[in-house]
Amino acid sequence: ESLLRINIEPEVKLIDFRTRRQDLGKMSNVKYQISKIQSKNQKFTTKNPPGTISISAIRDIKRALANYLKTKRKQLIIIKGEEDLLALPAILLAPLHSLVLYGQIDLGVVIVEVTVKKKKEVEKLLKKFD
């Protein structure tokens with residue numbers, strides 16, 4: 001939402017319509033920004049329960065990245081649940097030198113350049129998950 005507010009639209013977006021566990025759907029500015037991008041983006045909807053990284057979300061991130069690389073049409077993945085941990089598979093699946101951005105509560109936006117080193121760090125971290 002912060003990026004859209006300043007007219008920056010990422011090529012692949014994961015949106016769960018929530019911040020601090022609160023629904024953003026009631027905020028008129030957010031609804032306007034999201035409605036603008038929904039009409040012009042290839043759209044997927046996937047489930048990802050809070051505190052998880054679901055297989056279906058991983059598949060849809062992979063599919064959206066492939067679609068963007070093939071067609072150059074911007075992609076939107078609407079997450080039913082929570083997208084907080086999905087930056088990890090996004091880093092693993094994104095092409096080298098891509099940028100993955102995600103919100104960090106009370107800090108702002110975190111920007112990660114996708115490098116071989118960063119992918120290895122994420123793989124190591126994910127091996128600790130069940």
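Clustering ILVMFWY residues whenever any of their side-chain heavy atoms sit less than 4.5 angstrom apart, transitively, puts V100 in a cluster other than the one holding I8. Note: the hydrophobic cluster containing Y68 also contains I58 (ILVMFWY, side chain heavy atoms under 4.5 Å, direct or indirect links). Grouping the Ile, Leu, Val, Met, Phe, Trp and Tyr side chains by contacts below 4.5 angstrom, directly or via other members, places V110 with V12. Linking Ile, Leu, Val, Met, Phe, Trp and Tyr whenever their side-chain heavy atoms come within less than 4.5 Å leaves L88 and L101 in two separate clusters. The cluster map of Ile, Leu, Val, Met, Phe, Trp and Tyr, joined by side-chain heavy atoms under 4.5 Å apart, puts L76 and F44 in different clusters.
Within the structure, the side chain to side chain donor-acceptor pair (under 3.5 Å) test picks out the following pairs touching residues 107-119 (sequence neighbours left out): H97-E113, K118-E121.
In this structure, I55 CD1 and K47 NZ are separated by 15.5 Å, a value rounded to the nearest 0.5 Å. For the atom pair CG of L92 and CG of L126, the computed distance is 5.5 Å after rounding to the nearest 0.5 Å. Between N48 atom CG and I79 atom CD1 the span is 6.0 Å, to the nearest 0.5 Å. Here the straight-line distance linking atom NZ of K74 with atom CG of N67 works out to 15.0 Å at 0.5 Å rounding. Rounding to the nearest 0.5 Å gives a distance of 6.5 Å between CG of L99 and CD1 of I111.
Residue A94 comes nearest to V114 through the heavy atom pair O-CG1, 3.7 Å, listed as atom of the first residue, atom of the second, then distance. Closest approach of G81 to D16, counting heavy atoms only: O-CB, 3.9 Å.
Open room surrounds NZ on K62; 12 or fewer heavy atoms of other groups in view lie less than 6.0 Å from it.
At least one donor-acceptor pair under 3.5 Å links the side chain of Q75 to the backbone N or O of R73.
For S98, the side-chain hydrogen bond (donor to acceptor under 3.5 Å, both in side chains) test picks out no residue, with sequence neighbours left out. With sequence neighbours left out, the side-chain hydrogen bond (donor to acceptor under 3.5 Å, both in side chains) criterion links D60 to T46, R63. Residues passing the side chain to side chain contact (heavy atoms under 4.5 Å, CB included) test with L69, sequence neighbours excluded: K72, P95. Residues meeting the side-chain hydrogen bond (donor to acceptor under 3.5 Å, both in side chains) test with R59, sequence neighbours left out: none.
Contact annotation: the side chain of V112 approaches that of Y102 to within less than 4.5 Å [non-hydrogen atoms, C-beta and beyond].
Side-chain contact check for S54 and T52: no donor-acceptor pair (N or O, by modelled atom type) lies under 3.5 Å.
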